[in-house]
Amino acid sequence: MFLVEHRASSPADLKRTPLLPADPRSLTTGLSILAVHVGLYLGTLAGAVAPLPLYANVVFAITNGVSIALLFIVGHDAGHGSFVPGRILNAWIARIAFVPCVHAASLWRVIHNKLHHGRTNLKGVDGVWAPMSTEEYSKASRLRRGLERIYRGPAGPLIYYYLEFWIHRVLLPIAPEVHAEWKRHLPDSLFAIGGLLVTLIAVGALGSSFNPERPLWLVLAIGWVLPFAVWNYLMAFTIYLNHTHPSIPWFRDEASWKKHRGVQADTASVVMPINIAPLYTKVMSHTAHHVRPNVPVYALVQAEAELKAHEHDLLEYRLGLRQYRSILRACKLFDFERMCWTDFSGKPTAWPLAERMS
């Protein structure tokens, strides 16, 4: 059994902690970060289709995928209205930063701000790596069980965000939670689709101009498909790390969510072993973000330090292969009666959290 005895401060206790000035946003800092990462995106995109050896194009393409993820962080903060001062400026920064990852800003605000932040770890509302129950898994088709096994293994991030979020939740208003207001979301969906078309045309034209002997399909594969796959992997991997851990409980109904969510942490902060991309390292101070979504990414490390200064015990771990494998092994299904993670046979892999909630 993967015994978990870490008991972090409750979300309610954390939210009562004063953090930073009333408005930590900075126009100069925000626009500087945006300019740097737009430049990084455009530069690596050009390198992915430049007249270079194929292996060099692939390296640039992978880096371009990372830059899409970094621009997404900018859009994420702007979607919260926390990146720079000003509601309208934030709204447009979100739209522009979301062009490479092909997200509709208004849909993201519903799926992420309203549902994920509003009901973190409430199954049926918060869709971020929501676990199947042991009963659901046993009743699922063989195909669905196989898909869940892929999701909950090392290859899961390769396909998870494509299938569970991208088109039907954050690009087009298809999912039930957003479909009722599809007309309101249509302009941002069209903006994102238009941005995708412009990107594809630009990649194809630039790549064909640089490498006229290279087939168009290969230009698009290196210039868009590979970077977009890297971005999707990073997105799924990141939200998995922040929201899946043997100490993090899930809830099947609002009554239990309201009653018991204060017993244990609902998110984890992750210390990166190497600080290659500072913006990514900062966004992994995820507890502070859930406590105060209005704190911009460039102030999260300070906000998290202030939480610790108030003697809060955060759920935090240093990312490493051993730690990641332990989480993967422990977090397969969730037993909502015993309030613990289990393996695919229903055997508990973590200490039943119900004992702390009774």
Given the side-chain rings of [X] and [Y], with only the six-membered ring counted for Trp, is the space between their centroids under 6.0 Å?
{"X": "Trp231", "Y": "Phe72", "answer": "yes"}
{"X": "Tyr317", "Y": "His245", "answer": "yes"}
{"X": "Tyr160", "Y": "Trp166", "answer": "no"}
{"X": "Tyr240", "Y": "Tyr151", "answer": "no"}

Is the closest side-chain heavy-atom distance between [X] and [Y] below 4.5 Å?
{"X": "Phe60", "Y": "Pro227", "result": "no"}
{"X": "Lys123", "Y": "Asp253", "result": "no"}
{"X": "Leu220", "Y": "Val203", "result": "yes"}
{"X": "Arg144", "Y": "Tyr137", "result": "no"}
{"X": "Arg214", "Y": "Val49", "result": "no"}
{"X": "Leu279", "Y": "Val283", "result": "no"}
{"X": "Thr199", "Y": "Pro100", "result": "no"}
{"X": "Leu163", "Y": "Leu147", "result": "yes"}

Can you tell me how far the [atom1] atom of [X] sits from the [atom2] atom of [Y], to the nearest 0.5 Å?
{"X": "Phe334", "Y": "Thr349", "atom1": "CZ", "atom2": "OG1", "value": "9.5 Å"}
{"X": "Asp266", "Y": "Ser247", "atom1": "CG", "atom2": "OG", "value": "12.5 Å"}
{"X": "Thr244", "Y": "Tyr324", "atom1": "OG1", "atom2": "OH", "value": "9.5 Å"}
{"X": "Leu333", "Y": "Asp343", "atom1": "CG", "atom2": "CG", "value": "7.5 Å"}
{"X": "Asp77", "Y": "Ser82", "atom1": "CG", "atom2": "OG", "value": "4.0 Å"}
{"X": "Leu172", "Y": "Asp188", "atom1": "CG", "atom2": "CG", "value": "12.0 Å"}

Looking only at heavy atoms, what is the nearest atom pair of [X] and [Y], with distance?
{"X": "Ala288", "Y": "Ala303", "answer": "CB-CB, 3.9 Å"}
{"X": "Val74", "Y": "Ile93", "answer": "CG1-CG2, 3.8 Å"}
{"X": "Gly207", "Y": "Val219", "answer": "CA-CG1, 3.7 Å"}
{"X": "Pro51", "Y": "Asn211", "answer": "CA-OD1, 3.4 Å"}
{"X": "Gly47", "Y": "Asn57", "answer": "O-ND2, 2.9 Å"}
{"X": "Gly75", "Y": "Ala94", "answer": "O-CB, 3.8 Å"}

**Report entry** His289 and its side chain to side chain donor-acceptor pair (under 3.5 Å) partner, picked from Lys282, Glu304, His117
**Finding:**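 Considering Lys282, Glu304, His117, a side chain to side chain donor-acceptor pair (under 3.5 Å) with His289 is found only for His117.
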Query raised in the report: Does CG in Leu197 sit with more than 12 non-hydrogen atoms of other residues, nucleotides or ligands closer than 6.0 Å?
Result: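 Above 12, so yes.
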Is [X] linked to [Y] within one hydrophobic cluster, defined over Ile, Leu, Val, Met, Phe, Trp and Tyr using a side-chain heavy-atom separation of less than 4.5 Å?
{"X": "Trp108", "Y": "Ile174", "answer": "yes"}
{"X": "Met235", "Y": "Leu241", "answer": "yes"}
{"X": "Val99", "Y": "Val36", "answer": "no"}
{"X": "Phe83", "Y": "Val301", "answer": "no"}
{"X": "Leu31", "Y": "Ile96", "answer": "no"}

Query raised in the report: Considering residues at least two apart in sequence or located in another chain, which fulfil the ring pair (Phe, Tyr, Trp, His ring centres under 6.0 Å) criterion with His116?
Result: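 If we apply the ring pair (Phe, Tyr, Trp, His ring centres under 6.0 Å) test to His116, skipping adjacent residues, the hits are His112, His243, His290.
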Query - Side-chain donor or acceptor of Trp257 paired with backbone N/O of Thr120 under 3.5 Å - result: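 Side chain of Trp257 to backbone of Thr120: a pair is present.
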Requested in this report: Would you check, one step at a time, whether the test side chain to side chain contact (heavy atoms under 4.5 Å, CB included) holds for Asn242 with Val270?
Outcome: CA-CA 7 Å; Asn242 287 143; Val270 183; 3.9 Å; yes
Basic-acidic side-chain contact under 4.0 Å: [X], [Y]:
{"X": "Glu316", "Y": "Lys308", "value": "yes"}
{"X": "Glu177", "Y": "Lys114", "value": "no"}
{"X": "Glu306", "Y": "Arg292", "value": "no"}
{"X": "Arg252", "Y": "Glu337", "value": "yes"}
{"X": "Glu135", "Y": "Lys139", "value": "no"}

Any luck finding a side-chain donor-acceptor pair between [X] and [Y] under 3.5 Å?
{"X": "Thr342", "Y": "Asp335", "value": "no"}
{"X": "Ser106", "Y": "His185", "value": "yes"}
{"X": "Arg95", "Y": "Asn90", "value": "no"}

Requested in this report: Assess whether side chain to side chain donor-acceptor pair (under 3.5 Å) is satisfied between Tyr298 and Ser26, documenting all intermediate values.
Outcome: CA-CA 9 Å; Tyr298 45 84; Ser26 166; 5.2 Å; no
Report task. Determine, for Phe344 and Arg149, whether the Lys NZ or Arg CZ falls below 6.0 Å from the six-membered ring centre while staying within 45 degrees of the axis. Result ->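 The answer is yes; both the distance and angle limits are met.
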Report task. Cation-pi check, Arg169 to Phe165: give yes when NZ or CZ is under 6.0 Å from the six-membered ring centre and within 45° of the ring axis, no otherwise. Result ->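 Judged by the rule (NZ or CZ under 6.0 Å from the ring centre, within 45° of its axis), Arg169 counts as positioned above Phe165.
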